[in-house]
Engineer: 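Supplied in structure tokens, the structure appears directly below.
Keep in mind the model is a prediction, meaning the values are calculated, not measured.
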Amino acid sequence: MTGVEVGRATRDEQEVRSLIASWEQAIRAGDLDGVVARHADDVVMFDVAPPLHRSGLADCRAAWEPFVHGGPHAHFELGELALHVGADVAFAHALLRLTPKAPYEVRITLGFEKRGERWTFVHEHHSAPSNS
């Protein structure tokens with residue numbers, strides 16, 4: 001890998017991390033527009049609550065609306081965040097905690113695609129451990 005490639009990977013990783021941080025902050029602030037601001041029109045979401053599969057920005061927004069407006073979510077926290085960034089595709093996975101000192105409640109995987117010069121959410125997958 002050349003120095004230019006290393007620098008680019010670092011910039012891309014920083015941009016994706018910043019995108020995730022902005023998304024988290026929008027959720028904490030109850031800002032629905034901010035939550036979906038960098039989602040692609042063709043985003044795919046697998047959610048904990050039915051319907052389990054959603055396609056498109058309008059469906060993704062509809063999934064987030066009751067959660068965001070049911071806040072505040074000041075303690076929305078991604079723990080054990082791992083990020084893997086390629087030239088034009090990236091993904092992150094983490095454990096999501098909603099309340100302080102509670103055990104992690106939801107697993108989350110986020111998929112990103114670099115479209116033009118911007119990283120964009122193209123996939124969200126939320127899942128909860130079964131208690132049965």
Engineer: If you compare all heavy atoms of Ala40 against all heavy atoms of Thr120, which two are closest, and at what distance to 0.1 Å?
Structural biologist: N-CG2, 3.3 Å

Engineer: Listed by chain and number, what are the side-chain hydrogen bond (donor to acceptor under 3.5 Å, both in side chains) partners of Glu15, not counting sequence neighbours?
Structural biologist: Arg38

Engineer: Run the ring-centre check on Trp64 versus His69 and record whether the distance is less than 6.0 Å.
Structural biologist: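 Judged by ring-centre distance (under 6.0 Å), Trp64 and His69 do not meet the cut-off.
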
Engineer: Are Arg115 and Asp88 ion-paired here, with the side-chain N under 4.0 Å from a carboxylate O?
Structural biologist: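 Salt bridge absent between Arg115 and Asp88.
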
Engineer: Can you tell if the side chain of Leu83 reaches within under 4.5 Å of the side chain of Glu13, non-hydrogen atoms only?
Structural biologist: yes

Engineer: Would you say the side-chain atoms of Glu124 and His126 include a donor-acceptor pair closer than 3.5 Å?
Structural biologist: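 The criterion, which ignores hydrogens and geometry beyond distance, is satisfied for His126 and Glu124.
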
Engineer: In the structure I gave you, are the side-chain heavy atoms of His123 and Leu110 within less than 4.5 Å of one another anywhere?
Structural biologist: no

Engineer: Using a 4.5 Å cut-off on heavy atoms from C-beta on, say whether the side chain of Phe67 contacts that of Leu98.
Structural biologist: yes

Engineer: Taking C-beta and beyond as the side chain, do Trp119 and Asp12 meet within less than 4.5 Å on heavy atoms?
Structural biologist: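 With C-beta onward as the side chain, the pair touches.
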
Engineer: Is there a path of hydrophobic side-chain contacts, each under 4.5 Å between heavy atoms of I, L, V, M, F, W or Y residues, that connects Val35 with Val43?
Structural biologist: no

Engineer: Roughly how far apart are His75 NE2 and Arg97 CZ, rounded to 0.5 Å?
Structural biologist: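 Answer for the NE2-CZ pair, His75 versus Arg97, is 11.0 Å.
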
Engineer: Is the shortest side-chain heavy-atom distance between Cys60 and Arg54 below 4.5 Å?
Structural biologist: no

Engineer: Who pairs with Phe91 by side chain to side chain contact (heavy atoms under 4.5 Å, CB included), at least two apart in sequence or on another chain?
Structural biologist: His84, His93

Engineer: OG of Ser127 to CG of Leu96: how many Å apart, nearest 0.5 Å?
Structural biologist: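 Interatomic distance, Ser127 OG to Leu96 CG, rounded to 0.5 Å: 10.5 Å.
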
Engineer: Is it the case that one hydrophobic cluster holds both Val48 and Phe121, taking links as side-chain heavy atoms less than 4.5 Å apart, direct or via other members?
Structural biologist: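 Looking at the clustering, Phe121 is in the same group as Val48.
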
Engineer: Report yes if some heavy atom in the side chain of Asp47 is under 4.5 Å from a heavy atom in the side chain of Leu52; otherwise report no.
Structural biologist: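 Heavy-atom side-chain distance check fails, nothing below 4.5 Å.
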
Engineer: Ignoring hydrogens and geometry, is there a side-chain-to-backbone donor-acceptor pair from Arg107 to Leu95 under 3.5 Å?
Structural biologist: no

Engineer: Can you hop from Ile108 to Phe112 via hydrophobic side chains spaced under 4.5 Å?
Structural biologist: yes

Engineer: Output side-chain donor-acceptor pairs under 3.5 Å for residues 18-26, partner residues at least two apart or in another chain, one line each.
Structural biologist:
unit_1	atom_1	unit_2	atom_2	d
Ser22	OG	Ser18	O	3.1
Glu24	OE2	Arg28	NH2	3.2
Glu24	OE2	Leu78	N	3.4

Engineer: Are Ile27 and Val36 in one and the same hydrophobic cluster, where Ile, Leu, Val, Met, Phe, Trp and Tyr link if side-chain heavy atoms are under 4.5 Å apart?
Structural biologist: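 Yes; Val36 is reachable from Ile27 via cluster members.
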
Engineer: Once you measure the plane-to-plane angle for His125 and Phe46, does it fall in the parallel (<30°), tilted (30-60°) or perpendicular (>60°) bin?
Structural biologist: perpendicular

